[in-house]
Colleague: 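I have a structure here, written as structure tokens, and I will follow up with some questions on it.
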Amino acid sequence: MKAAMNHLSISDVRAIVVSCVAATTLTLAAIPVVAQNSGPAMFRTLTKGAWTIKFRDGASDRKICLRTGQELVQLRHRDAGCSQFLVEDGATKVTVQYTCPGNGYGRTSIRRETPTLVQLESQGIEGGLPFQLVAEARRTGSC
């Protein structure tokens with residue numbers, strides 16, 4: 001091996017290093033795109049449209065337009081700048097933990113009963129105060 005190294009010119013070594021750096025950069029750049037496009041598989045099984053969320057604590061119902069399923073994750077943190085970490089990605093249950101810089105964090109579990117009915121549980125901190133919610137979301141029509 002040492003003899004083979006003696007036959008490489010500096011330009012050969014540079015070409016190898018540049019190729020390795022380029023390959024690594026392309027690989028790392030592709031990772032977020034794959035992660036964003038794949039998302040939780042369970043979300044793709046939900047029927048898109050208008051959904052009504054009924055909170056078990058008696059709070060007023062909330063209506064949302066479900067396009068991707070992500071709308072169910074951050075019910076207490078509507079901030080777009082939150083980072084999310086997928087904890088569980090099952091066929092009928094998804095758990096996502098998220099952090100919203102300057103506004104707290106949360107952990108939401110969504111269990112699919114049918115393509116038009118899910119059970120939600122979420123807890124965390126919002127605006128410095130703890131929250132916990134349990135709700136049922138059901139498709140109620142078109143957006």
Side-chain angles (χ1 to χ4, degrees), residues 1-2 4-5 8-143:
M1 174 108 172
K2 191 173 183 182
M5 289 297 289
L8 292 175
S9 68
I10 291 190
S11 61
D12 290 336
V13 172
R14 280 189 190 137
I16 292 169
V17 169
V18 168
S19 296
C20 289
V21 169
T24 302
T25 302
L26 288 173
T27 301
L28 292 175
I31 290 172
V33 174
V34 171
Q36 288 174 354
N37 290 339
S38 61
M42 194 235 356
F43 286 168
R44 291 188 291 278
T45 68
L46 299 178
T47 305
K48 309 310 181 236
W51 285 60
T52 300
I53 302 168
K54 293 188 176 289
F55 297 94
R56 299 243 168 84
D57 67 358
S60 298
D61 294 354
R62 181 187 300 173
K63 295 188 182 295
I64 63 168
C65 183
L66 190 109
R67 292 185 174 90
T68 66
Q70 283 290 343
E71 298 85 358
L72 299 169
V73 173
Q74 294 177 208
L75 293 175
R76 293 291 299 260
H77 294 89
R78 307 306 281 167
D79 312 356
C82 302
S83 63
Q84 295 184 353
F85 176 75
L86 189 58
V87 176
E88 181 179 3
D89 186 10
T92 60
K93 186 175 180 187
V94 169
T95 300
V96 178
Q97 189 163 320
Y98 61 89
T99 303
C100 305
N103 194 25
Y105 58 88
R107 182 180 181 110
T108 302
S109 292
I110 304 165
R111 183 175 50 84
R112 180 179 61 87
E113 292 189 11
T114 71
T116 60
L117 176 65
V118 297
Q119 301 299 320
L120 306 163
E121 292 183 25
S122 187
Q123 61 184 11
I125 302 290
E126 179 192 30
L129 298 173
F131 73 87
Q132 180 174 6
L133 67 87
V134 178
E136 177 177 278
R138 183 181 303 268
R139 186 178 189 277
T140 52
S142 300
C143 295

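No hydrogens, no waters, no symmetry mates; every other heavy atom, side chains included, goes into these values.
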Colleague: Determine the minimum heavy-atom distance between Phe43 and Val73, stating which atoms define it.
Modeller: CZ-CG2, 3.8 Å
Colleague: Is Asp57 close to Leu133 at the side-chain level, that is, under 4.5 Å between some pair of heavy atoms?
Modeller: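 When only atoms from C-beta onward are counted, Asp57 and Leu133 do not touch, as no gap falls below 4.5 Å.
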Colleague: Looking at Val94, is its backbone amide N or carbonyl O close enough to the side chain of Asp89 to form a donor-acceptor pair, meaning the two atoms are under 3.5 Å apart?
Modeller: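 Checked: no pair found.
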Colleague: Side chain to side chain donor-acceptor pair (under 3.5 Å) with Thr52: which of Lys63, Arg138, Glu136, Arg62?
Modeller: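 Passing option: Lys63.
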Colleague: Do Pro130 and Ile125 have side chains that get closer than 4.5 Å, going by heavy atoms?
Modeller: yes
Colleague: Should we count NZ of Lys93 as having more than 12 external heavy atoms under 6.0 Å?
Modeller: no
Colleague: For the side chain of Arg139 and the backbone of Gly141, is there at least one donor-acceptor N/O pair under 3.5 Å apart?
Modeller: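 Yes, Arg139 side chain to Gly141 backbone: donor-acceptor pair under 3.5 Å.
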Colleague: What pair of heavy atoms forms the shortest contact from Phe55 to Ser60, and how long is it?
Modeller: CD1-O, 3.3 Å
Colleague: Checking side-chain polar atoms at under 3.5 Å, does Thr45 have a donor or acceptor matched by the opposite partner on Arg112?
Modeller: yes
Colleague: Hey, is the main chain of Thr92 close enough, under 3.5 Å, to the side chain of Arg111 for a donor-acceptor pair?
Modeller: no
Colleague: Do Leu72 and Leu66 come within less than 4.5 Å of each other through their side chains, counting heavy atoms only?
Modeller: yes
Colleague: Measure the spacing between CG of Leu120 and CZ of Arg56 and express it to the nearest 0.5 Å.
Modeller: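 Here the interatomic distance stands at 9.0 Å.
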Colleague: Stepwise, does the side chain to side chain contact (heavy atoms under 4.5 Å, CB included) test hold for Arg107 with Gln97?
Modeller: CA-CA 4 Å; Arg107 182 180 181 110; Gln97 189 163 320; 2.7 Å; yes
Colleague: Between Met42 and Glu88, does a side chain to side chain contact (heavy atoms under 4.5 Å, CB included) hold up when you go through it step by step?
Modeller: CA-CA 11 Å; Met42 194 235 356; Glu88 181 179 3; over 6 Å; no
Colleague: Please say which of Asp61, Ile64, Val118 ends up in a side-chain contact (heavy atoms from CB on, under 4.5 Å) with Ile53.
Modeller: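 In the set Asp61, Ile64, Val118, the residue that makes a side-chain contact (heavy atoms from CB on, under 4.5 Å) with Ile53 is Ile64.
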Colleague: At their closest point, which heavy atom of Ala50 faces which heavy atom of Ser142, and how far apart are they?
Modeller: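 Reported closest heavy-atom pair: CB-O, 3.5 Å.
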Colleague: If you apply the rule side chain to side chain contact (heavy atoms under 4.5 Å, CB included), what do you find for Phe131 with Leu75, and how did you get there?
Modeller: CA-CA 11 Å; Phe131 73 87; Leu75 293 175; over 6 Å; no
Colleague: Are the side chain of His77 and the backbone of Gly104 linked by a donor-acceptor contact shorter than 3.5 Å?
Modeller: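 No; judged by distance alone, with no hydrogens or angles, the pair does not exist.
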Colleague: Enter the distance from Tyr98:OH to Phe85:CZ here, rounded to the nearest 0.5 Å.
Modeller: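 Nearest 0.5 Å value for the OH-CZ distance: 16.0 Å.
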Colleague: Any pair with a residue in residues 91-143 that passes disulfide bond (SG atoms under 2.5 Å apart), sequence neighbours left out, goes on the list, sorted by first then second residue, please.
Modeller: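 Every pair satisfying disulfide bond (SG atoms under 2.5 Å apart) with a residue in residues 91-143: Cys65-Cys143, Cys82-Cys100.
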